[in-house]
Structure formats: C-alpha cells, structure tokens
Number of protein chains: 2
Amino acid sequence: MGALTKIRKADTLAKAPVVKAPKAKAPLDLPLGKILSGDCIEAMRSLPDNSVDLVFADPPYNLQLGGDLNRPDGSQVDAVTDEWDRFDSFATYDKFTREWLVEAKRVLKPDGALWVIGSYHNIYRVGAILQDIGFWILNDIVWRKSNPMPNFRGTRFTNAHETLLWASTGEKARYHFNYTAMKTLNDELQMRSDWVLPICNGGERLKKDGHKVHPTQKPEALLYRVLLATTEKGDVVLDPFFGTGTTGAVAKRLGRNWIGCEREDGYRGAALERIESALPLDESALKTMQSRKSAPRVAFGSLVEAGFIAPGTQLFDKKRRFSATVRADGSLESGTEKGSIHGVGKNLQGAPSCNGWTYWHLEHEGDIKPLDALRQTYLLAIED
Amino acid sequence: MGALTKIRKADTLAKAPVVKAPKAKAPLDLPLGKILSGDCIEAMRSLPDNSVDLVFADPPYNLQLGGDLNRPDGSQVDAVTDEWDRFDSFATYDKFTREWLVEAKRVLKPDGALWVIGSYHNIYRVGAILQDIGFWILNDIVWRKSNPMPNFRGTRFTNAHETLLWASTGEKARYHFNYTAMKTLNDELQMRSDWVLPICNGGERLKKDGHKVHPTQKPEALLYRVLLATTEKGDVVLDPFFGTGTTGAVAKRLGRNWIGCEREDGYRGAALERIESALPLDESALKTMQSRKSAPRVAFGSLVEAGFIAPGTQLFDKKRRFSATVRADGSLESGTEKGSIHGVGKNLQGAPSCNGWTYWHLEHEGDIKPLDALRQTYLLAIED
DNA sequence: CGTTTCTCTGAATCACCTG
DNA sequence: CCAGGTGATTCAGAGAAAC
C-alpha cells in the first residue's frame, strides 16, 4: 500500500483545496473596538482566558503611573538615591511588569503571541520576566530610528533605537508568521530583525493646541509591520497601554479587531476620535502574498493522472548528475531506487531531505524547467 | 514617583565629558598581557579590587539549540554545540552570570566600565542582573550584521543583530567616553547606538586544518570601536571570556594593556600566537573603520507601510498599457499577475526584467509621475 | 589575465500532519 | 506521545574554479 493510496488521498485534497478550519469566533462578550478605562491589570482581568490572538504592549518605562506604583506594603516609593532603595524601585517595577504579563499570558490563545516595545531602561527587566513566566522569545527586533534625537551633551552614543520583543506563549507553542508577506514587503529578501523606520512626527503626530497629545506616540508604520507579520484578518489584538490608539488605528486599517486599555481620559478621547476617522483598506488591497504552505497540497501523482506529465518521462536534477523515470502511479525509478519524487531525490544524493518539486527537472524545448513550474500550471488549471 | 523617575534624572544629570586626572599606574602585580587559565570566576578572584579600567565580556549565550538544521540546498549548519554553552536552566545561567558580574564589579576601578555582548537568548538575563548588582546602563548598542545567516526555514525574522550593553559601575559613577573620536570616526556625525559591521570571516577568521578555531570569534572592528570609545592609551582591559583573543589583539594594536581569562587550552594557545603577531596601530587600520556611506536600499513595501502610498492605489505604465493595484504588503496585483513591482512589470510585458521604480507611475493631480519620485521623497523624509 | 560562475559558510532557541 | 512521511526553505561575501 503505499504510494497509490496516499497519492489518491492527496489528490482528493488537492481537488478540494484545504480550507483552514474557520477560526473559533471571538466570544461575543469580548469588548471589540472598545477602550477599557482604569488600571490595565484590572481591565485585563475582566477578559476571558484564551481569547485574544495578539497582545501588543508599549508599557511605561519611567513609572509615571502616579499612585499606582506603590511598594507591596502600600507605601509610596520616594525618589531616593541609596542602593537599597534603587533595588526596591526595580522590584516595584518588576512586580508591575510581572502582573500585566501574567494577565497577558492568560488572555492569549495558546497559539497567540506577545509583542512588547521598550528601551534600555526597562526592556531587560521585561525580557527576563517574560522568560521567567514562560513566554518564549522568537525574535528581538530593533527599531532603528532614521531621525532620533541627538545626544545634546555629547556624553554617550546617540540613543537611536528601541527594542521590540516577539514571543510565543511557550517553547513548544505554535505561532503565526506571515513569512511571505514580510518577504514581499522587503523586496523579496527575508525581513531582518532590524527595521529602519522614522519616528512619529509630521501630520501623523497628534497635536492639540500645538502640543503633542502623547509623549511617546509610536509610528503607524511600526504597528503596520507588526500586525501584518503576526496576525490574520479578523484576529483580535489587545493593547494594554493603548495611549492615543496607534494599535487601534492600524488594526482598523488592516481589518483586525482591537481592544485597548487606557487609564487617562484624555488619551482615550483622542484615540477614539482618531480611530473613528481611520479608513479600512478594501478587500483586494488587504490581500497579501500567500506562502506556498497555505496553498493546497498537490500530489505528484495528480499531475501524471491529469496528463500533465506522461509515464516514462525522464527527469534530471539541475546538473544532470542523476536521472529518473516517471512511473504510472506517480513514483520515480532510478536504478534500484524507487519511491516518491522526494524520497528518490533524497536517497540518490544521500541527503537528509529533498524537495522533489524543486530538485527534479524535465526537458522542454531544449531547456529544462523544474517540476514546480508544472505544479503551478496544474494549480491554475484546477482553480475555481 | 519612582525608580525610573530617577533614571530620567540620571539622563539629564549626564556628566560633562570627563577630563581625566593623570591615572594611577596599574599595580605592578597585575598579570598584564597574560591569559589566566581555569574558570573565569576563580581567575578573576585572583585579581585585586579596583584595578582594571574596562571589562569586555563575551559570555556563553545559552543558545539551547534543538536538532540539526539544514540549508535549503541540503548542507548542514555548523552550529554552536560546544559544552561550554550548555546550561541546565535559566536559574543555572543566572547564577553563573551573577557570579562573574559581581567579580567584574569588584575588580573594576570606580570610574571603570563594563561591556557585555549577547543575543536575545541571554542578554535580557544579563541586563537585568547587572542592573540588580548596581551597574548603570549607559547605552545598549546594536551590532547590525551586514551579512547575517538567513533563517533557512522561513519561520522567523532573520536574526541579523547582536546586542552590547555598556554600563558604568553605578548611577553616580564617572565614566570615560571619547565623544570626539567617535564623531570623527562617523564622518562628523554623532556615533549612534546602532553599528553596522560585517561578521568575522575571510582572512581575519582563525582557522586550523580548514576549520574555524572558535565557533563565535568576534570581528576586530567591533572591539576596535569599543576600546577607542571607552578607554585611553595605557588602560587595563580585562576579558573574562577571552576565547581566541580578539580583545587582546585589538588592545595591543591600540596600545592598551590586557588581561584574559580562558579555560580551554586550545583557545589560549591560538590567542597567544595571534596576539604575538598583531601589530600596533597603523593608519590603515583606522580607515577600515570609517563608516562607508552608501545610498540606503528602499523596499517598495516601506513606502506602503509609511503611508507614502496607500494600498488600493492604481499604478500605470507610462503609456497606460497596463495597470496594477497596490496591496497591503507592497505587492502588486494585475489580473492574474501578483508579485513585486519588478516581477509584475516584467511578466506583463513579457520582458526579461523590469525596474518597477521607473516602470510604474501613479496619477497625481492630473499628471503621472514614476514611483521613483516617491522613493526620493521617502529617502529625504527618513534622512538623518 | 580578467570575468563569470560556482561553492562554501556564518552564535540558529528554524515544520507539521497523520496514524 | 511517538514514529514516519511529506515537502518547504537562504543572504552576503569570500575564495576557488571555470571560461
């Protein structure tokens, strides 16, 4: 049993392109498109377990949280200068960080992911704590600012970047990465871990009476890349430090659902107004390049069966070191080797694996083209 | 009020560039130009308090690799599987890190400084622990690799950078920063926190019998910049993870004293031989450090992301024979053609190649202008 | 001898489905 | 949970080899 059974089965799959099981709908009681007021930890506690696809967080790193940042015993932290108190202050920041990260992990679906942005003041605390909690870092991303503020006193290097951490919910957890969309966005080269983007200014920067509404408004381009890379249309994105709603505005543009948490009335108002006027992209503009992974699988046997390639055809590798003959059931034969296009390629080379679609070629009017080209033709033919 | 209020205060407190009092001579009993064998923590304990000007550390990264990894062509990646990079758990790694950092702090002079290099696997542990111990982070520096290893499976962003931390011995501690030397090195612009440097290969890479001597040899240019920025001629530089002696070789070139710790006999031997043949600074070495400014490459997707062109926008060729729609990831769609601005242009024309920047145009107030004009605008906008 | 093509490799937490 | 099968996936630079 073997090849034929499997090929036939795959063939069926190919003809009825695999449609991903529709995502479990977000629970109806999720406050989609809403900004929860009050403390973000309390607000997140009102959300159900396993309910959001992505958390994007831009937490404070200067502890400008007013009375909320107290010592565990309730006393207020003073600005102090001795060592003991500095440790105490880090401990307070760590406690706050641990609490919101624990809530983030709880509300995330198992195959969801977390993004956090920070600077050297806080990102090392955040990174260590999220690892302690069980998040698994997938990449750290450097946002390289094309127009940073110079170091006016000439005392250090110009602080020209911020750091983002991207983490799955655990070492073995699955996660979503739109590899092909990122590669397309970067002119057909893999997207790297360093992103060059301007800071948020000009027309994008929210102003009121000539003053910026929020001190650390992030550029929409940053969120655009984050959401395009790691969410799908219709996903739910939670931002626990919503500020003036960059995450919400970009989520709306990209057809993602969003939930925000923000304690400052002024920011909430500005954010709602801003998101109201953001325009969603239309359906066709939202389409992105799909990786072949998500395209329907095609069995090589289907091509034989459909007459796209005749039994008896000779296949070669690119350098014509090996050749093989196509058999009626879609298997290959080369000397004593028999099996799938992948297995025969693998064994002939003595390689650990082989993608037969790109390894094997056939002669066509003088030049040789890979089987993969034939597969594309076949896919077009069976489409619709 | 809180801890990081203080951090901000420290930022504004930034010391005026230190003009140094003549240095106390290094104690005569310091093992200058020597590599101490054995465990680095034990070795450091043999050094006196307050005796070195700079610690540069390249500790194990605790990579925690899974199985083998093959390139798409079937070849196997030569991974870092050495025993010295294996730790049972984060707790074990943290304990080790804390111990060597405590020793580093003890041997450093009060106005000395620490550099540590790492990747996302370990740097968040290291950063949090050194803050806990009382080190004060001055900058985090991103080494952007011009030629990183790609992500062969298309599962994440290309891991294209490593991170260095630069820290003084405490919040109030003085430190040395050669601001002008850095500015000169960077074409009269302030040196930024992101450094673009190639990885160590070619003639610089130490090899024996055709194999690399050390799996993670750092480029000399990196150490060159570190030592030039934060030490003076005659300073004592300690490297607790000496490896094949990049720190020693560059220190010698720059007229700095060095001390190393290394437990592997093979690395010690290679390092001594290498440093022996290192020549003190000549002018040509300096020239290789000059940042080569070249026009930055721009991906079409960046323009979409930055809002310079909206998804859904229609593009035309000059004679309006073809049109295409911009999609969210920076790809184009025209009938059944999908792909990059170059690829779609090429296929529609049936041409062997196509420069999408000059081929595609967009309508703007009646007349049409090429994408290339938009690219120029974008380049101006992101310019420093 | 110059130019083009090929080969090799680098701190990497690198798949997923079915039975 | 494990085993086995299928099949998706790479960029820059150096140096060697071929033309």
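Order of the sequence lines sets the chain letters (A, B, ...), proteins ahead of strands, with each chain counted from 1. Only a predicted model underlies this, so the values are computations on that prediction, with no experimental measurement involved. Values below: every heavy atom of this structure, side chains too, minus hydrogens, waters and symmetry copies.
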Problem set entry | Matching residue for A:Thr230 among A:Tyr175, A:Trp166, A:Trp115 - test: side-chain hydrogen bond (donor to acceptor under 3.5 Å, both in side chains) | A:Trp115

Using the [atom1] atom as the reference point in each nucleotide, state the distance between [N] and [M] in Å, no decimals.
| N | M | atom1 | value |
| --- | --- | --- | --- |
| C:dC14 | C:dG10 | C1' | 15 Å |
| D:dT9 | C:dC17 | P | 15 Å |
| C:dT7 | D:dT10 | C1' | 14 Å |
| C:dC1 | D:dA17 | C1' | 15 Å |
| D:dG4 | C:dA12 | C1' | 25 Å |
| C:dA11 | D:dT6 | P | 36 Å |

Exercise. Hey, which of these two, A:Glu188 or A:Ile341, hits DNA chain D nearer its 5' end, going by closest nucleotide?
Worked result: A:Ile341

Between [X] (side chain) and [Y] (backbone), is there a donor-acceptor pair under 3.5 Å?
| X | Y | answer |
| --- | --- | --- |
| B:Lys145 | B:Trp143 | no |
| A:Ser334 | A:Ser323 | yes |
| A:Asn355 | A:Trp357 | yes |
| A:Ser193 | B:Ala160 | yes |
| A:Gln190 | B:Asn151 | yes |

Spacing of [X] atom [atom1] relative to [N] atom [atom2], expressed in whole Å:
| X | N | atom1 | atom2 | result |
| --- | --- | --- | --- | --- |
| A:Met182 | D:dT10 | CE | P | 15 Å |
| B:His161 | D:dC11 | NE2 | C1' | 18 Å |
| A:Gln190 | C:dC14 | CD | C1' | 10 Å |
| A:Asn139 | C:dA12 | CG | C1' | 11 Å |
| A:Asn355 | D:dT10 | CG | P | 11 Å |
| A:Tyr179 | D:dC11 | OH | C1' | 10 Å |
| B:Trp143 | C:dG10 | CH2 | P | 13 Å |
| A:Gln131 | C:dT13 | CD | C1' | 10 Å |

[X] has a side chain; which of [options] sits nearest to it?
| X | options | result |
| --- | --- | --- |
| B:Val80 | C:dC14, C:dA11, D:dG7 | C:dA11 |
| A:Arg375 | D:dT10, D:dA8, C:dT13 | D:dA8 |
| B:Met149 | C:dA12, D:dT6, D:dC11 | C:dA12 |
| B:Asn201 | D:dA12, C:dT13, D:dA14 | D:dA14 |
| B:Thr155 | C:dT13, C:dA15, D:dA12 | C:dA15 |
| B:Leu69 | C:dA11, D:dC11, C:dA12 | C:dA12 |

For this session: To the nearest 0.5 Å, tell me how far A:Ile141 CD1 sits from A:Met191 CE.
Result: 9.0 Å

Looking at every strand, decide which applies to [X] at a 4.0 Å heavy-atom threshold: base, sugar-phosphate, or nothing.
| X | value |
| --- | --- |
| A:Leu138 | nothing |
| B:Pro59 | base |
| B:Asn122 | nothing |
| B:Glu162 | base |
| B:Asn151 | base |
| B:Ser119 | nothing |
| B:Gly203 | sugar-phosphate |
| B:Thr158 | nothing |

Problem set entry | C:dT13 base stacked by A:Trp136 (centroids within less than 5.5 Å, tilt under 30°) | yes

Using a cut-off of strictly less than 4.0 Å, decide whether [X] has a side-chain nitrogen or oxygen near OP1 or OP2 of [N].
| X | N | value |
| --- | --- | --- |
| B:Asn159 | C:dT13 | yes |
| A:His342 | D:dG7 | yes |
| A:Tyr175 | C:dA15 | no |
| A:Arg174 | C:dC14 | no |
| B:Arg144 | D:dA12 | no |
| B:Arg153 | D:dA8 | no |
| A:Lys183 | D:dT10 | yes |

Exercise. Is it true that A:Asp132 and B:Arg125 have a side-chain N and a carboxylate O under 4.0 angstrom from each other?
Worked result: yes

Problem set entry | Side-chain ion pair, A:Glu333 and A:Arg327, N-O less than 4.0 Å | yes

For this session: If the plane angle is over 60° it's perpendicular, under 30° parallel, otherwise tilted; pick one for B:Trp100 and B:Phe241.
Result: perpendicular

For this session: Assign the ring pair B:Tyr93 / B:Phe87 to parallel, tilted or perpendicular, where the plane angle (0 to 90°) is split at 30° and 60°.
Result: perpendicular

Problem set entry | In C:dT13, glycosidic geometry as syn within 90° of 0 or anti otherwise | syn

Exercise. Of the non-hydrogen atoms in B:Arg263 and B:Asp39, which two are nearest, and what is the gap between them?
Worked result: CB-N, 4.3 Å

Exercise. Regarding A:Arg144 and the six-membered ring of A:Trp195, is the cationic atom NZ or CZ under 6.0 Å from the ring centre and inside 45° of its axis?
Worked result: no

Problem set entry | Under the 3.5 Å Watson-Crick or G-U criterion, the dot-bracket string of DNA chain C, with | for inter-strand pairs | .|||||||||....|||||

List every contact pair, protein side and nucleotides 4-9 of chain C side both N or O, where the distance is under 3.5 Å.
{"unit_1": "C:dT7", "atom_1": "OP2", "unit_2": "A:Lys319", "atom_2": "NZ", "d": "3.4"}

